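Shown next, in C-alpha cells, is the structure this report addresses.
Being a predicted model, the structure only gives us computed values, none of them experimental. We name chains A, B, ... by the order of the sequence lines, and we start the count at 1 in each one.
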Amino acid sequence: MKHYKICFALQLIFFIFLQAKFYLCRAKFFVFIAYFPMMNIHTQLQNALADALKVIFGIENQTIVLEKTREEFEGDFTFVVFPIVKLAKKSPEQTAQLLGDYLEKNTTLIAKFNVIKGFLNLKIADKVWIETLNSIQQTPNFGQFEPKNQRIMVEFASPNTNKPLHLGHLRNIFLGDAISRILQMYGYQVIKANLINDRGIHICKSMLAYQKMGEGQTPQTTGIKGDKLVGKFYVAFEQIYKREIQQLIEQGLTQEQAERQAPALLEAQELLRKWEENHPETIQLWKTMNQWVYDGFEATFREINVSFDKIYYESDTYLLGKDIVEEGLQKGIFYKKPDGSVWIDLTEEKLDHKLVLRADGTSVYITQDLGTADLKYNDFQIDKSIYVVGNEQDYHFKVLFAILQKLGRNYAQGLYHLSYGMVDLPSGKMKSREGTVVDADDLIAEMKQTAKKRTQELGKVSELSEIEKEKLYQILGVGALKYFLLKVEPKKRMLFNPEESIDFQGNTASFIQYTFARVHSLKRKAEELGINFTTLPATTDLPLHPTEQKVIFMLYQFPAVIQKAAEGYSPAEIANYAYDLTRAFNQFYSECSIFKAETEAQIQFRLSLANQVGHVIQQALALLGIEVPERM
RNA sequence: GGUUCCGUAGCUCAGCUGGAUAGAGCAACUGCCUUCUAAGCAGUGGGUCACUGGUUCGAAUCCAGUCGGAAUCACCA
C-alpha cells in the first residue's frame, strides 16, 4: 500500500511537472509519451477520479487504485469504491454511480460505465485506444526506458572448470542473461559478468586423472568437446577414488578415515600445493586443460546466444579480501579468537557468528567474496550488483551483504542476490556423481532435433534453404528451452522430466514465435497487395472489435510489465506477458479478417495493429534472449 | 532443533502491494482449415487455493499456529 502511494505521488508530481513543461518544451512531452504511454490513460483516469472525489465528496489525498476489469464484466478499468464509502457517506452503489456520472460528463476518456455493487467499471472510448495505438506506433524503441545513468553488474553462470554445464547451469545462465536484457531495457547500463571457478581441489582432481591416464589426449585428437573431455577425467578420478576408499575400508579403516587417506585424494592435494607454489609443469597442465574447458563453454554459450562483458577468474581473486579482514579488525567489526582465526558477530542481524579468516591465515569462501565485491566496485563504479546464484546459498549472501553493510561500503545498499530454485528431476536432485545430471549440450541438441521433427511433420517451410532450416530449428529448440526455464518464477524450484520432451504447443516459446511468423506472413501478403504495412489508421473514429481493443490494451501495458520485471528481477513476468499478448492477438486473428475488412481505414488499422504486435512480441522475446523466425 | 523458501485442477504453472463467480497450458472429450500459417481458435468436464484460527465490509493473497516438502545452519565452493 505504501509503495503504491509513493508510486502514485511520483506519477502525479511527474504529470504536473510535464504539464507545466508542455508549453515550454513540446519535445519533452513527446519523449514522455514515448517512454510512458501508460501514463496517458491510467494517469488521466486517476486524475479525473481525484477531481471527482474532491468535487462530489470533498475527499482529498485519497490513494486511487485502478484495476483491470475482470473478463466477465464490461469495462477496461475498475475503481473499487469500498475504501471510500465511509468518507463519501453514501451507499457503495450511489458512490460509484456519482463518480461514473462525473467522469462521463467531464472527460472524453470514458465511453460508458456500469456499477455493480461497489465496483465502478469504466469502458475507455474506442477513440482513445486507437490514439494509444498510434502513439505506440510512433514511438521508436517502444518499451525502452530513459537512461538512468546507473551501472549495474549482473554476475551469472559462474561455472567450475572441472566438468561440463548441465541443466542447472542453464537456468542460471538464462536467468542472468534475461535479467541483464530487462535491466538494460529499463534504463540501466548493464555489465554482464562471469566469475569462473578455475582453481581448487576439484580441478586438480581432473588434472591428476589426466596425468595418470590421459595418454596425451586432446579435444583435437579425440574429437571430444573440451569441457566434456576434462569432465571425463573428473569422473575417472571419482572412480579411482571410490575404489581406493573401498579398499581402505576393507583394510579396516572407517569411512571417514578412508575418504581422507585415499592416495588419489592425497595426490590431488599435492597437485594443488604445487599449483599454489607455481610449479611450472602443474601450471602448464592447468592452463591447457582450463583452455579446453573455456573453448567448450564458449561453444555452448554461442549456441544459446549468451555473452559476457567481463570475465573474472578465481585464480586472480582467491587471495583477495585479506586486506578487508585487516580493515575489519582495525574498525573493531571483526574479532580474533585465541587460535588466531577471525570472526564477525552477526547475532544483531539475526545471523550467527561467521568465520572470515582461518587460524592459519588462509581464506574461506566469504573472504574472497568480500574482496571480489570491492574489486567489482572499483573496476566499474557500479551502483548495483546482482548475484545470480542458487537458493542453497541464501544464507551465504545474507551474511556477505550484512558484513559489507557493517563495513560501511556505500555500495552495500545496491547488492541483490537473485536466488533461484533448483531444477529437479522426477528422481530427485541432479547428482553429478551419480550420473543423473542432464547435460546442457545434449539437451540443446535434443531440443533442436525435436523442433526439426515437428517442423518437418507440419511441412510449411519447404521454401527455406538448408542453412535457413538449421537456423530455424536452432531458434525453435533453444527458444523452447529458454522459455520453459524462464516462465517459472525464479525462486520456485522446478521439475524437469526428460521423458516428456518440452512442449511446442500451448504456453511455449513456439506458440509465441509462431504468432510472430503469422504477423510476418501478413506483412508479405500486404506487400503483394501493395499495401503499406506500417501506415497509421487514417481515422480514429473506427468502431473497435472487442478483440482489437484487448490487443491494444495488452500492447499498452508493455512498459509497465518491463518495469515490474526489472524491479522484481523476474523474467517470468515478461514470459507471461508475451503469452497473454499472443493469445489476445490470436483471438483477434481468428475473429477478424484483416484483408477482408469493410473499409480501407479498417484494413490499415488492423495491419498497423498486427505490425505493432509483431514488434512487441519480438521485443518481449528478445528480453528473454529468444529469437523469432519469419516463417515456421 | 533454529532460520529461510515452497504447498493453487490428474500433471506443469499464473494469480499473492487484500476486491466481484480462482485462471492458463498439458492430458481427455466436442466443434472450426474451397487458405491473412490449425505450432491456431471456440467449447465441455476437472478446485476444501495443505489445514486451523485471526485481522475486515471483503482473504488464495496479510498475521499466528499446525502439517507436508526443500534448502541452510562447514575452518566446502
Side-chain angles (χ1 to χ4, degrees), chain A residues 1-5 7 65 67 69-73 78 80-83 85-86 92 116-119 121 158 160 197 200-202 314 318 339 341 343 350-352 354-360 362-366 368-369 390-396 398-399 419 421-422 424 428-429 451 454-455 457-458 460-461 476 480 484 487-489 491-497 500 503-515 517-526 528-529 572-573 575-576 579-580 582-583 586-597 606-607 610 631-632:
Chain A
M1 194 49 114
K2 198 178 167 194
H3 171 82
Y4 222 99
K5 273 183 189 159
C7 200
V65 181
E67 291 168 30
T69 304
R70 294 182 60 110
E71 290 285 336
E72 58 266 40
F73 303 101
T78 295
V80 184
V81 301
F82 290 116
V85 286
K86 271 184 196 159
I116 298 166
K117 294 193 270 182
F119 299 91
N121 299 321
S158 308
N160 291 352
N197 186 0
I201 188 70
H202 41 285
E314 283 202 12
Y318 82 109
D339 69 356
S341 59
W343 296 71
K350 290 184 180 166
L351 302 165
D352 210 338
K354 176 78 186 176
L355 176 96
V356 292
L357 197 71
R358 292 190 187 107
D360 63 5
T362 56
S363 298
V364 287
Y365 180 39
I366 205 151
Q368 59 172 295
D369 262 359
N391 64 6
E392 70 232 336
Q393 294 195 36
D394 284 355
Y395 184 77
H396 171 78
K398 273 187 192 166
V399 170
S419 166
M422 297 292 106
D424 289 329
K429 213 175 161 176
R454 181 115 187 97
T455 305
E457 279 166 9
L458 293 168
K460 295 184 193 174
V461 293
L476 295 178
F484 176 81
K487 75 173 174 185
V488 180
E489 204 185 320
K491 73 176 172 187
K492 291 199 176 174
R493 67 181 265 271
M494 60 188 298
L495 191 80
F496 174 77
N497 190 347
E500 307 165 12
D503 272 318
F504 286 81
Q505 275 172 30
N507 188 357
T508 63
S510 316
F511 170 56
I512 301 167
Q513 289 165 323
Y514 168 73
T515 304
R518 264 188 163 174
V519 170
H520 225 271
S521 151
L522 290 173
K523 188 174 184 176
R524 281 193 297 270
K525 173 137 183 183
E528 275 171 33
L529 297 174
E573 293 281 349
N576 290 326
Y579 177 62
D580 288 338
T582 301
R583 272 179 64 218
N586 278 312
Q587 281 163 6
F588 154 72
Y589 182 90
S590 66
E591 289 197 34
C592 302
S593 172
I594 292 172
F595 293 105
K596 287 179 194 153
R606 286 180 176 171
L607 283 175
R631 296 167 197 262
M632 66 184 272

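- Distance CZ (R583(A)) to P (C26(B)): 11 Å, rounded to an integer number of Å.
- Nucleic acid contact class of V80(A) (heavy atoms, under 4.0 Å, all strands): base.
- Between the CG atom of D503(A) and the C1' atom of C26(B) there is a distance of 6 Å, rounded to whole Å.
- In this structure, of C41(B), C76(B), A38(B), it is A38(B) that holds the atom nearest to the side chain of Y514(A).
- With sequence neighbours left out, the side-chain hydrogen bond (donor to acceptor under 3.5 Å, both in side chains) criterion links R518(A) to Y514(A), N586(A).
- Residue contacts for Y365(A): at a heavy-atom cut-off of 4.0 Å it reaches a base atom on one of the strands shown.
- Across C36(B), G19(B), A77(B), the shortest atom-to-atom separation from the side chain of Q368(A) is found for A77(B).
- Residue side chain Y579(A) fails the stacking definition with respect to A24(B), as its ring centre and the base's six-membered ring centre are not both under 5.5 angstrom apart and under 30 degrees in plane angle.
- Taking the side chain of R70(A) as heavy atoms from C-beta on, and the options U37(B), G23(B), G19(B), the nearest nucleotide is G23(B).
- The residue K398(A) sits close only to the backbone: its heavy atoms come under 4.0 Å of sugar-phosphate atoms, none of a base.
- Rounded to whole Å, the distance from NE2 on H396(A) to P on C76(B) is 14 Å.
- Note on L357(A): nothing from the nucleic acid sits closer than 4.0 angstrom, heavy atoms only.
- Within 4.0 Å (heavy atoms only), P92(A) reaches no atom of the nucleic acid at all.
- For the pair S521(A) (side chain) and A517(A) (backbone), a donor-acceptor distance under 3.5 Å is absent.
- Among the nucleotides C13(B), A77(B), C36(B), the one closest to any side-chain atom of N197(A) is A77(B).
- For D352(A) and A74(B), a side-chain-to-base donor-acceptor distance below 3.5 Å is absent, hydrogens and geometry of angles not being considered.
- C33(B): glycosidic angle within 90° of 0, hence syn.
- Comparing C6(B), C75(B), A14(B) by their nearest atom to the side chain of K491(A) picks out C6(B).
- Atom CG in N121(A) sits roughly 14 Å away from atom C1' in U21(B) (whole-Å rounding).
- Between the NZ atom of K487(A) and the C1' atom of G25(B) there is a distance of 7 Å, given to the nearest Å.
- Stem analysis of RNA chain B (at least three stacked-register Watson-Crick or G-U pairs, each with both distances under 3.5 Å) gives B:1-7 with B:67-73, B:10-13 with B:23-26, B:28-32 with B:40-44, B:50-54 with B:62-66.
- Going from the P atom of U52(B) to that of A59(B) covers 15 Å, rounded to whole Å.
- T455(A) comes within 4.0 angstrom of a nucleotide base, judged by non-hydrogen atoms across all strands.
- Distance from the side chain of S521(A) is smallest for C36(B) among the nucleotides C36(B), C16(B), G19(B).
- At a cut-off of 3.5 angstrom, counting only N and O atoms as typed in the model, there is no donor on one side facing an acceptor on the other between the side-chain of S590(A) and the base of A42(B).
- Residue N507(A) contributes atom CG, which lies 13 Å from atom P of A27(B) at whole-angstrom precision.
- Listed nucleotides A20(B), C26(B), C41(B) differ in distance to T69(A); the shortest reach to its side chain belongs to A20(B).
- Counting non-hydrogen atoms under 4.0 angstrom, M494(A) reaches the backbone sugars and phosphates but no base.
- The CG-P distance, from D424(A) to C11(B), rounds to 16 Å in whole Å.
- Listed candidates were G40(B), C36(B), A14(B). Nearest to the side chain of K596(A) is C36(B).
- Within the 3.5 Å criterion, the main-chain N or O of Y579(A) finds no donor-acceptor partner in the side chain of K487(A).
- Using a 4.0 Å heavy-atom criterion, one finds that Y589(A) contacts the bases of the nucleic acid, with or without backbone contacts as well.
- Residue contacts for E314(A): at a heavy-atom cut-off of 4.0 Å it reaches the sugar-phosphate backbone alone, with no base atom in range.
- Counting any heavy atom pair closer than 4.0 Å across all strands shown, T78(A) reaches a base atom.
- When the P atom is used for both C5(B) and G65(B), the distance is 13 Å, rounded to whole Å.
- More than 12 heavy atoms of other residues, nucleotides or ligands shown are found within 6.0 angstrom of CD on E72(A).
- With hydrogens and angles ignored, no donor-acceptor pair closer than 3.5 Å exists between the side chain of D394(A) and the base of C73(B).
- Listed pair K525(A) / U37(B) fails the phosphate criterion, with no side-chain N or O lying under 4.0 Å from OP1 or OP2.
- Between E591(A) and N160(A), the residue anchored nearer the 5' end of RNA chain B, judged by the nucleotide with its closest heavy atom, is E591(A).
- If you check every strand for non-hydrogen atoms under 4.0 Å, D369(A) touches nothing.
- Within 4.0 Å of Y395(A), counting heavy atoms only, lie sugar-phosphate atoms of the nucleic acid but no base atom.
- Look at F511(A) and the base of G40(B); the rings do not stack under the cut-offs of 5.5 Å between centres and 30° between planes.
- Counting only heavy atoms from C-beta on, R524(A) has its side chain closest to U37(B) among C41(B), U37(B), C75(B).
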Criterion side chain to side chain contact (heavy atoms under 4.5 Å, CB included) on L522(A) and F595(A), from CA distance to verdict
CA-CA 9 Å; L522(A) 290 173; F595(A) 293 105; 3.9 Å; yes
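- Across A20(B), U37(B), C76(B), the shortest atom-to-atom separation from the side chain of E72(A) is found for A20(B).
- Salt-bridge check for E528(A) with K525(A): failed, with every basic side-chain N at 4.0 Å or more from each acidic carboxylate O.
- Separation of the C1' atoms belonging to A24(B) and G46(B) is 14 Å when rounded to the nearest angstrom.
- Taking atom CD1 of I366(A) as the reference point, atom C1' of A77(B) lies 12 Å away to the nearest angstrom.
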